[in-house]
Amino acid sequence: MGKIAFIFPGQGAQYRNMARDFYEQLPESRRVFEEASRVSGMSIESLCFEDEQRLNQTRYTQPALFTANCAVLKAVEQQGLKPDMTAGLSLGEYCALTAAGVFDFEDAVQVVCSRGIYMEEAVPEGAGAMMAILTRKEIPMEEICEKVPGQVVVANYNCPGQRVISGDRQSVETAAEKLLAAGAARALPLKVSGPFHSPLLETAGKQLFDRLEGVKMNAPSIPFVSNVTAQKEADPEIIRELLGRQVCSPVYWQQSMEYMIANGADTFVEIGPGKTLTNFLKKIDKSVKTYHVEKIQDLEELKNIETAG
């Protein structure tokens, strides 16, 4: 029998009114929002349902999206569906770690609030950029980026045909031009406030590691796959270090999914706004079954999942 993996989206998936139907119709999901608001000292409900401008500002995006993901997760758990492994893209790792019992929800909210501030403040607004590079053939992206003056790196390995570059704005734009000249199909600027997953965020990574020093972290109750190593990590101290590195290291998402599939995952449930990760999976391996839970009616689909139990 195959295994079920829960996966969680990261920054960029947020939109106004995400998870609102869960908040309004399910008491257990509403409690997630109320607890996050109490712990963070700000109204997460207002952020998610009313304040679109702040919702797209990193220091607010991160606690808002984390809460929305966890509110949907709570509804999925109420259905009795249990994962055999878990992973999350960038910010989504904190949802995966909460699902695996590594963090208490309250601690995770506080850490995510700090993470958003550190990442926002690491580089002056407008100085950094990220671009998705779409390709139909193999291009030596790392090699091309290395030859560009300034700072630009491949930051996300999302799926075949899609990578993301990140760095200072001028270098990212120059690299994009060179990649297009080398045969890339398209270069799409991302709506983010900084050069995430690049060495320019090393300061934020160190701050985050220091912040995590005082936070209780348990061994995962189910296998957790890290963005940084693209493999299972079970030691809380190693996970702590990887979370510090994650903000300034590449996200090996495609490799993480391939690792999970190689280790028996054949059913993936994307929990939270959008279908970005589901779409990536269809390009990584068409043979796996994918579900996504974004709206309350999506819970019905989960009844079709055959559990190993």
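Small disclaimer: the values here were computed from a predicted structure and weren't measured.
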Remaining members of the apolar cluster that contains [X], side-chain heavy atoms under 4.5 Å:
X      : answer
Leu180 : none
Phe209 : none
Leu188 : Leu134

Taking ring-ring contact (aromatic ring centres under 6.0 Å, His included) as the definition, give me every residue that meets it alongside [X], ordered by chain and number, with sequence neighbours left out.
X      : value
Tyr94  : Phe103
Phe105 : Phe66
Tyr259 : none
Tyr118 : none

Is there a donor-acceptor pair closer than 3.5 Å between any side-chain N or O of His292 and the backbone N or O of Glu270?
->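 Here the side-chain-to-backbone pair does not exist.
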Look at the aromatic rings of Phe49 and Phe33 and report parallel, tilted or perpendicular, splitting at 30° and 60°.
->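 Because their plane-to-plane angle lies in the 30° to 60° range, the rings of Phe49 and Phe33 count as tilted.
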Hey, could you give me each pair passing salt bridge (Lys or Arg N to Asp or Glu O under 4.0 Å) that has a residue in [range]? Not counting sequence neighbours.
range            : answer
residues 148-171 : none
residues 33-42   : Glu35-Arg38, Arg38-Glu106
residues 122-142 : none
residues 54-66   : Asp51-Arg54, Arg59-Glu120, Arg59-Glu121

Between Met131 and Ala187, what is the shortest heavy-atom contact and its length?
->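 Smallest heavy-atom distance, with atoms named: SD-CB, 4.0 Å.
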Can you sort out the partners of Arg245 under salt bridge (Lys or Arg N to Asp or Glu O under 4.0 Å), two or more places apart, ordered by chain and number?
->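 Arg245: salt bridge (Lys or Arg N to Asp or Glu O under 4.0 Å) contacts with Glu241.
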Side-chain H-bond candidate by donor/acceptor type, Glu45 with Ser37, under 3.5 Å |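 Per modelled atom types, Glu45 and Ser37 side chains form a pair under 3.5 Å.
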